[in-house]
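Just so you know, ligand 1 is whichever comes first in the structure, and atom 1 is the first atom listed for that ligand.
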Amino acid sequence: MSEAVTRPGITADALLASLDPLLRAWLPRQRWFAGKGRPISDFNLVSATELLPPTSELGFLHLLIQVRQPLVPGLAGGSPTLAPDCYQLLVGVRRELPPRLAPALIGHVTRGPLTGYTVYEALHDTRMSGFLLEALRMRARIGTLRFERDPRKNIDDGLAPRVLGAEQSNSSLVYGDTFILKLFRRIVPGVNPDLELPLMLARERCARVPAPAAWFLADVGDEANVLGVLQPYLKGTADGWELALRELAAGRDFSGEARALGRATAEVHLALARALPTVTLGHTQMELIAEGMADRLDTAAKAVPALQPYAPALRTTFEALADLGRGEGTWTAQRIHGDLHLGQCLRSPAGEWSLIDFEGEPSRPLSERRMPQPPVRDVAGMLRSFDYAARSREPWAPQWAGDCRAAYCAGYAEVAGRDPRMDPVLMRAYETDKAVYEVLYEARHRPDWLPVPLSAVKRLATNGPATEQH
Ligand SMILES: Nc1ncnc2c1ncn2[C@@H]1O[C@H](COP(=O)(O)OP(=O)(O)O)[C@@H](O)[C@H]1O
Ligand SMILES: O=P(O)(O)O[C@H]1O[C@H](CO)[C@@H](O[C@H]2O[C@H](CO)[C@@H](O)[C@H](O)[C@H]2O)[C@H](O)[C@H]1O
């Protein structure tokens with residue numbers, strides 16, 4: 001289904017004919033492409049919008065493109081179903097690519113109506129990135145694209161754009177060190193938690209999360225698809241992962257920062273619990289949560305054989321969670337971050353921590369990512385992250401990780417009023433679930449890193465405490 005192709009005389013099919021062979025080669029090389037390792041069957045153009053009036057020399061296309069891929073047994077892709085994944089692309093079309101744009105090359109078109117043109121990643125073209133900021137400022141409507149902004153926020157024009165060089169799951173543009181525009185790559189119809197939660201937190205006056213200043217969407221069929229969010233750029237910040245590695249390398253303690261991070265996490269949790277409904281989990285829900293964890297373990301063990309020897313022991317952790325659910329207690333679930341780790345925490349030069357990237361784990365269905373969950377899940381994510389940092393170098397530093405983990409929980413308890421270590425069964429189950437997720441994530445995206453979560457899996461399977469050496 002094509003919503004619009006605005007270049008006169010070019011149909012969706014013809015446009016795809018031009019781009020098809022180039023995208024087949026280029027897409028799997030992109031960090032954000034979720035379907036790595038599976039062949040591409042074909043493409044379907046969901047929408048194509050000409051962003052600036054094209055000339056014979058230059059044009060900019062905004063594309064939403066579905067990529068169909070067969071399911072290879074044992075290697076599920078970005079989506080747990082057979083539904084095709086939809087990606088956002090910004091494509092520049094030029095007769096001649098200037099040398100400064102050479103690294104952005106997608107390819108030279110040899111068939112279809114764009115024959116003879118060169119196509120490239122237009123994010124790297126300041127004409128394109130500058131145009132996006134202007135569209136947000138002016139609340140533009142272009143074809144299916146709808147640009148929105150918070151009228152209370154001032155956005156200066158003409159801020160110089162640059163592509164953020166970070167390793168990330170999406171793509172970001174920084175404007176004059178004032179704003180950062182995150183462009184989502186894999187587009188899922190519906191409410192995007194990375195816009196929803198920061199907006200809610202801003203309403204709660206929670207200063208731990210940068211408040212969205214503008215955003216843009218595509219209206220396709222009955223669905224609004226969030227494509228990008230503009231937030232204040234926190235200049236001079238360092239992310240928790242960089243900082244932790246730096247301190248580790250210098251043999252310095254990080255527990256003071258870990259404690260501050262625990263406090264910041266609890267502040268965000270409290271604000272989310274005020275802003276959005278919380279629910280009480282009884283035994284049925286706990287059993288369902290445990291079942292979900294066991295199912296994810298089965299999927300991961302099928303895809304990553306190295307996980308298989310540990311699967312029976314890990315399953316007992318999830319059984320313990322289900323048993324806990326059969327007891328007397330109840331637990332509170334609320335909206336949480338959903339994929340919290342050190343890389344999602346930014347520390348200002350003044351030492352204040354902010355949390356970013358509320359999308360949740362990108363491979364989970366949106367409905368699941370938006371469900372209330374026990375806040376201990378975020379805590380477990382951070383505990384995993386301290387372990388990751390400590391294991392990412394030789395010799396690994398179990399004491400360092402153990403101190404950070406304890407300090408983080410203590411900091412969390414100071415603000416939340418309850419220490420997450422009071423729920424050891426819940427915490428262990430979530431930590432195990434996260435380690436299993438990481439095994440699959442690393443197998444797909446960074447196979448060299450696979451030993452890091454596997455060592456945690458080994459520890460969790462043999463019931464060892466977090467600081468035990470394996
Ligand atoms: N508001 C911000 N201020 C400064 N840097 C930011 C901000 N938001 C994100 N970043 C930087 O961009 C990187 C990627 O952002 P993130 O939201 O995690 O994107 P992704 O989902 O693509 O991983 C972060 O690791 C951080 O370095
Ligand atoms: O891209 P996102 O930041 O949304 O998250 C994904 O990528 C992360 C890696 O960049 C991955 O995190 C894992 O590696 C981190 C070190 O690079 C470590 O601190 C985390 O604890 C570990 O989970 C994350 O799981 C994935 O969803």
Pair Trp353-Glu257, side-chain hydrogen bond (donor to acceptor under 3.5 Å, both in side chains): steps then yes or no: CA-CA 9 Å; Trp353 285 99; Glu257 295 298 349; 2.9 Å; yes

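Tested against Arg377, the residues Glu361, Glu431, Glu368 include a single salt bridge (charged side-chain N to carboxylate O under 4.0 Å, His left out) partner, Glu361. The only member of Lys36, Arg185, Arg186, Arg68 that meets salt bridge (charged side-chain N to carboxylate O under 4.0 Å, His left out) when paired with Asp85 is Arg186.
Atom numbering of ligand 2 starts at 1 in the shown order; those under 4.0 Å from a heavy atom of Ser169 are 1 (O), 2 (P), 4 (O). Atoms of ligand 2 lying under 4.0 Å from any heavy atom of Tyr437, numbered from 1 in the order shown and given with element: 25 (O), 26 (C), 27 (O). Remark: ligand 2 atoms within the under-4.0 Å shell around heavy atoms of Ser385 are 18 (C), 19 (O), 20 (C), 21 (O).
A pairwise comparison of heavy atoms in Val304 and Ala443 identifies CG2-CB, 3.6 Å as the closest pair.
Taking a heavy-atom cut-off of under 4.0 Å, ligand 1 is surrounded by Leu164, Gln168, Ser169, Asn170, Ile180, Lys182, Pro210, Gln231, Pro232, Tyr233, Leu234, Gly343, Gln344, Leu346, Ile356, Asp357, Glu359.
Looking at Gln344 against ligand 2, only its side chain comes within 4.0 Å, counting heavy atoms. Here Met382 has no heavy atoms under 4.0 Å from ligand 2, in either its backbone or its side chain. At a heavy-atom distance under 4.0 Å, no atom of Arg391 approaches ligand 2.
The aromatic rings of Phe147 and Phe216 sit parallel, their planes meeting at an angle under 30°, below the 60° perpendicular limit. Ring planes of Phe386 and Trp400: perpendicular class, angle over 60° (limits at 30 and 60°).
Given atom 11 (C) of ligand 2, the protein heavy atom at minimum distance is Tyr441 CE2, 3.9 Å. When only non-hydrogen protein atoms are considered, atom 4 (O) of ligand 2 lies nearest to Asp357 OD2, 3.2 Å. Nearest protein heavy-atom contact of atom 10 (O) of ligand 2 is Arg31 NH2, 3.6 Å. Atom 9 (C) of ligand 2 has as its closest protein heavy atom Arg446 NH2, 3.6 Å.
Between Trp331 and Asp423, the closest side-chain pair of non-hydrogen atoms falls below 4.5 Å.
For the pair Arg137 and Tyr175, the cation-pi test (distance below 6.0 Å, angle within 45°) is failed.
In terms of modelled atom types and a separation under 3.5 Å, the side chain of Tyr87 and the main chain of Ala34 share a donor-acceptor contact. In this structure a side-chain-to-backbone donor-acceptor pair under 3.5 Å is missing from Lys434 to Asp339.
Taking a 6.0 Å sphere around CZ of Arg203, one finds it holds 12 or fewer heavy atoms contributed by other residues, nucleotides or ligands. For CZ of Arg393, the number of neighbouring non-hydrogen atoms (other residues, nucleotides, ligands) closer than 6.0 Å is greater than 12.
Comparing Tyr388, Phe386, Trp449 against atom 13 (C) of ligand 2, the shortest heavy-atom distance belongs to Tyr388. Which of His341, Gln168, Glu438 comes nearest to atom 22 (C) of ligand 2 through a heavy atom is settled by distance: it is Glu438.
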